[in-house]
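Below is one structure, written out as structure tokens; the observations come after it.
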Amino acid sequence: MIQSIPKNNIVDSVYEQMLSKILDGSWPEESKLPSEFELTDLFSVSRTSIRSAVQKLRDLGIIYTKHGMGSFVSKNLNKNKIFNINQPIMHLSQEEFTDMMVFRQTVEFKCIELAAINANEQDILAIEEALNRMLINKNDYKKYSQADLDFHIAIIEASHNKIFINIIHTIKDVYYYYLEELNRVLGITLESIEAHIKVFMAIKEHDVITAKLSLDNAMKTNVVAINKLKEEV
């Protein structure tokens with residue numbers, strides 16, 4: 001039986017009810033979880049909330065994902081340990097998120113413009129290599145986030161502006177944390193992957209307008225999703 005979801009604590013409530021189904025055997029070990037669409041319908045909440053709850057279960061090792069098959073309940077769960085788990089859903093404050101967004105809008109937009117103009121064959125290969133690692137690791141948000149960081153650093157290096165390059169390497173640990181939190185909380189979405197592919201193709205084709213537009217759309221999507229999540233939690 002699904003309980004009503006409190007409006008001020010949606011993600012935690014979905015997580016707790018999903019966990020309850022696992023612990024009481026309704027979803028036994030090694031069984032496949034309902035799809036994201038089915039969970040959205042079951043709990044009558046947004047896809048963002050479902051992704052966050054599922055990601056938390058995955059982070060804690062309670063479920064795991066098989067590429068192209070979905071998510072499954074882990075076996076040999078330590079139920080006593082699970083009962084003592086209490087992790088926050090979002091570790092990135094609104095201020096930190098906003099500060100990084102302003103940085104990206106100030107620096108990355110110029111860098112992506114310069115990259116679309118100045119990128120040479122070696123730069124294109126570096127961006128593509130990072131993108132390929134993102135695609136390979138789309139079911140592991142930590143490895144995906146490292147590849148995501150490498151993708152953006154490769155673009156900034158393709159700008160051939162030494163100041164921008166030095167800045168990004170100075171703050172790369174902070175930038176990784178920002179990307180990891182976005183990918184952990186929002187999940188690795190098809191929209192995000194497609195946006196990175198569009199950025200890469202635009203730079204490869206030296207299309208400045210499309211490159212900047214693709215990045216802008218991706219960032220706007222993140223802002224909307226994060227704001228919606230913070231309203232729900």
Side-chain angles (χ1 to χ4, degrees), residues 48 90-138 141-230:
T48 301
M90 189 68 183
H91 302 308
L92 193 68
S93 71
Q94 183 67 46
E95 181 180 4
E96 290 169 325
F97 176 76
T98 301
D99 285 349
M100 183 55 78
M101 285 295 299
V102 172
F103 169 81
R104 296 188 69 189
Q105 289 165 344
T106 304
V107 174
E108 272 200 82
F109 272 82
K110 187 61 181 179
C111 284
I112 203 169
E113 175 184 337
L114 293 172
I117 296 170
N118 299 327
N120 57 35
E121 184 176 348
Q122 185 177 351
D123 296 325
I124 298 297
L125 287 175
I127 299 169
E128 184 175 22
E129 189 276 333
L131 177 61
N132 287 336
R133 282 191 286 114
M134 291 173 68
L135 297 175
I136 291 170
N137 294 298
K138 61 181 179 293
Y141 82 92
K142 286 183 177 291
K143 291 181 179 178
Y144 179 93
S145 298
Q146 182 59 60
D148 195 0
L149 174 66
D150 293 341
F151 177 87
H152 290 282
I153 288 178
I155 290 174
I156 292 172
E157 290 181 340
S159 74
H160 293 276
N161 183 293
K162 293 181 180 179
I163 301 300
F164 287 148
I165 293 170
N166 287 336
I167 288 173
I168 195 62
H169 281 285
T170 300
I171 68 160
K172 67 179 181 180
D173 289 342
V174 175
Y175 197 178
Y176 172 79
Y177 179 71
Y178 163 85
L179 291 173
E180 185 185 69
E181 280 298 284
L182 286 182
N183 294 326
R184 180 183 72 84
V185 174
L186 301 183
I188 312 303
T189 66
L190 180 61
E191 293 85 354
S192 174
I193 293 172
E194 288 180 344
H196 285 82
I197 293 173
K198 288 179 180 178
V199 168
F200 165 69
M201 292 303 299
I203 293 174
K204 184 177 182 180
E205 296 169 4
H206 301 285
D207 184 343
V208 174
I209 295 175
T210 301
K212 292 174 68 175
L213 182 62
S214 298
L215 179 62
D216 186 46
N217 288 339
M219 291 171 67
K220 286 179 179 177
T221 299
N222 286 339
V223 171
V224 170
I226 288 295
N227 288 340
K228 188 172 184 179
L229 179 64
K230 288 182 178 295

What pairs of residues pass the salt bridge (Lys or Arg N to Asp or Glu O under 4.0 Å) test when at least one of them lies in residues 160-179, not counting sequence neighbours? none

Side chain to side chain contact (heavy atoms under 4.5 Å, CB included) filter on I136, not counting sequence neighbours, yields none

Has T106 got a side-chain atom pairing as donor or acceptor with V102's backbone, closer than 3.5 angstrom? yes

Closest non-hydrogen contact found for C111 with S159 is O-CB, 3.8 Å

Between the CG atom in D148 and the CG atom in L131, the distance rounded to the nearest 0.5 Å is 10.0 Å

Heavy-atom closest contact (I156 atom, F164 atom, distance): CG2-O, 3.7 Å

side-chain contact (heavy atoms from CB on, under 4.5 Å) evaluation trace for M201 with T210: CA-CA 9 Å; M201 292 303 299; T210 301; over 6 Å; no

Residues in side chain to side chain contact (heavy atoms under 4.5 Å, CB included) with N166, at least two apart? none

ring-ring contact (aromatic ring centres under 6.0 Å, His included) involving F151 - partner list, sequence neighbours excluded: H196

Roughly how far, to the nearest 0.5 Å, is CD1 of I168 from CD1 of I171? 4.5 Å

Out of E180, E181, Q146, which residue meets the side-chain contact (heavy atoms from CB on, under 4.5 Å) rule with Y141? E180

Between N132 and E128, do the side chains contain a donor N or O and an acceptor N or O under 3.5 Å apart? no

Sequence neighbours excluded, the answer for side chain to side chain contact (heavy atoms under 4.5 Å, CB included) partners of A158 is A115, A119, D123, I127

Min side-chain heavy-atom separation H169-E157 under 4.5 Å: yes

Which is it for M100 and V174 under the side-chain contact (heavy atoms from CB on, under 4.5 Å) test, yes or no, and what are the steps along the way? CA-CA 9 Å; M100 183 55 78; V174 175; 3.9 Å; yes

Who are the side-chain hydrogen bond (donor to acceptor under 3.5 Å, both in side chains) partners of E129, not counting sequence neighbours? R133

Per the salt bridge (Lys or Arg N to Asp or Glu O under 4.0 Å) rule, what does the pair list look like for residues 188-201, sequence neighbours excluded? none

Please name the pair of heavy atoms, one in L215 and one in V199, separated by the smallest distance, quoted to 0.1 Å. N-CG2, 3.9 Å

F103 side chain near I167 side chain, heavy-atom distance below 4.5 Å: yes

Who are the side chain to side chain contact (heavy atoms under 4.5 Å, CB included) partners of N217, not counting sequence neighbours? L213

Listed by chain and number, what are the side-chain hydrogen bond (donor to acceptor under 3.5 Å, both in side chains) partners of S145, not counting sequence neighbours? N183

With a 4.5 Å heavy-atom cut-off, do Y178 and L182 have their side chains touching? yes

How would you list, by chain and number, every residue that makes a side-chain hydrogen bond (donor to acceptor under 3.5 Å, both in side chains) with Y175, sequence neighbours excluded? R104, E108

Applying salt bridge (Lys or Arg N to Asp or Glu O under 4.0 Å) as the test, list every pair that has at least one member in residues 205-220; sequence neighbours left out. E113-K212, D216-K220

Mind checking the OG-NZ spacing from S192 to K138? Nearest 0.5 Å is all I need. 12.0 Å

Once side-chain hydrogen bond (donor to acceptor under 3.5 Å, both in side chains) is applied, do any residues pair with H206, and if so which ones, sequence neighbours excluded? none

Answer whether the closest heavy-atom distance between the side chains of I155 and I203 falls below 4.5 Å. yes

Roughly how far, to the nearest 0.5 Å, is CG of N161 from CG of N118? 9.0 Å

Nearest non-hydrogen partners of H152 and L179, listed with the distance: CD2-CD1, 4.4 Å

In this structure, are over 12 heavy atoms from other groups packed under 6.0 Å from I209 atom CD1? no

I153 side chain reached by Y176 side chain, heavy atoms, under 4.5 Å: no

